[in-house]
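For reference, the structure is listed below as structure tokens.
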Amino acid sequence: MTGTTDSCCEGTPAPASPRYWTVDEHLADVLSAVGPLPAIELQLLDAQGCRLAEDVTAGVDLPPFDNSSMDGYAVRTADTARATEEYPSVLAVVGDIAAGAGELPKVGPGQAARIMTGAPLPPGAEAVAPVEWTDGGTGTGRAADSMGAASGTGTGDEVRVLRPVSEGAHVRRRGSDITKGDEVLEAGTVLGPTQLGLLAAIGRGTVRVRPRPRVVVLSTGSELVRPGDPIGPGQISDSNSFTLTAAARDAGAIAYRVGGVPDDAATLRAVLEDQLGRADLIVTSGGVSVGAYDVVKEVFESYGGVDFRRLRMQPGKPQGFGRLGGADGVPLLALPGNPVSAYISFELFVRPVIRTMLGAPDVHRPVVRATCTAALRSPAGRRQFLRGWYDADGTVAPVGGEGSHLVGALARANCLITVPEETTSLDAGTVLDVVLLTD
Ligand code: AMP
Ligand code: MG
């Protein structure tokens, strides 16, 4: 096959021919209609996975005060200068300091205070002798046994320090981690567990981020039945709303699965009206081709602001997109109903929209070059996306056939093999672009 004459899309179309858009033209139009969502202030855990919309500056020092990194004894270095195992320095224990202690004993010459990890270094002390460098002390027992005790010890408690302790030993200095005024996180950073922990550590209860877009997913078709419900003649389980909701979550959205809506204009309109208030984006499947029951088109066209077009693409030729009701309306992508078409359309067009709303710099799936292990045929004038298995050795093999109803093969694929518009057949060993479906 040469592919030069057998397509409606080749060459200059006759005036009456319907216009076709390329995948790239459509993607550019879709992306030009959306931008990052306005930033909002969220509780820390609600901001997980979101991108910072502010540079974060520390309002405090970390650690906030000099504190001990060991359980042991807070001492003055001069008192331990000549300590040895044979001739220990014998110090009077003037108090116990637990983590969280507010009132601190003063450590004078010849004195020590029992101290716990994280507890403030008391005035007068210059270093901490870990309990292992001492005889453990007398009185209320070894420091490690008296967790929580913040009171003073009985009179006459002593500790023997067995070696010299240098200035600052086992002391975590105020501000040694972060100094007040430091920029600790840059705008654009994705907030994972450790970034959220840092925000908490500097005392931030809330943070300004780009929120996750709220995506409403609904599938249309009078044949659709909720999975698990009884199925009558001619009916099928609604799978698209699950695929698309999961894919939206995977892209970083908060996704609401509304499920199957029958091919009935009044019902679809009622469902839409109900959902509009909570949607940053609406994604539908089905009803966008030219069938008699394609009420989706009819309903969206009645709102205005939504375009329906044909793409030079297989699968996924019919697509609808726009803002429902016009420029200020909720963005909407109306995808074809065939499950493979719906999913591929999501990956190519909806995912980049969600990523754009999130403010992500990388809105597209990665594309790599790979050697196709099989010979392929492809329609002229269409960019074909075949389900494939990409191997780390740089080869890719088609999985299943071309049919856009083949959900079994789709679930076994990890990539989309891209066959260019002008290619109608290719030999095994051809190098092609492959869209990886994993991050
Ligand atoms: P449509 O785009 O509405 O003409 O649907 C095209 C094909 O996809 C038909 O065979 C539908 O039954 C099927 N289909 C549409 N929606 C879904 C869905 N949510 N889950 C599974 N199959 C669907
Ligand atoms: Mg339908």
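Start at 1 and go down the list; that is how both ligands and their atoms are numbered. By convention here, the first residue in the shown sequence is residue 1.
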Quiz item: Around atom CD of E186, are there more than 12 heavy atoms of other residues, nucleotides or ligands at under 6.0 Å?
Solution: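 Not buried by this count: 12 neighbours or fewer within 6.0 Å.
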
Self-check item: Residue contacts for ligand 1, heavy atom to ligand atom, distance under 4.0 Å
Solution: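 For ligand 1, the contacting residues are S219, T220, E223, L224, I236, S237, D238, S239, N240, S285, G286, G287, S289, G337, N338, P339.
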
For residues 331-345, run the donor-acceptor check on the side chains, cut-off 3.5 Å, and write out each pair with its distance to 0.1 Å, sequence neighbours left out.
from	atom 1	to	atom 2	distance (Å)
Y343	OH	E347	OE2	2.9
S345	OG	Q319	NE2	2.7
S345	OG	S341	O	2.6

Quiz item: Which pairs pass salt bridge (Lys or Arg N to Asp or Glu O under 4.0 Å) with one or both residues in residues 242-251, sequence neighbours excluded?
Solution: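 Residue pairs with at least one partner in residues 242-251: D250-R365.
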
Quiz item: Taking R383 as the fixed residue, which of D24, T418, D433 is the one that meets the side-chain hydrogen bond (donor to acceptor under 3.5 Å, both in side chains) rule?
Solution: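 The single option meeting the side-chain hydrogen bond (donor to acceptor under 3.5 Å, both in side chains) with R383 is D24.
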
Quiz prompt | Pairs flagged by side-chain hydrogen bond (donor to acceptor under 3.5 Å, both in side chains) wherever residues 190-209 is involved - sequence neighbours left out | solution =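 For residues 190-209: E41-T206, E54-R204.
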
Quiz item: Would R269 count as a cation-pi partner of Y303, with NZ or CZ less than 6.0 Å from the six-membered ring centre and within 45° of the ring normal?
Solution: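 Geometry flag: set, cation within 6.0 Å and 45°.
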
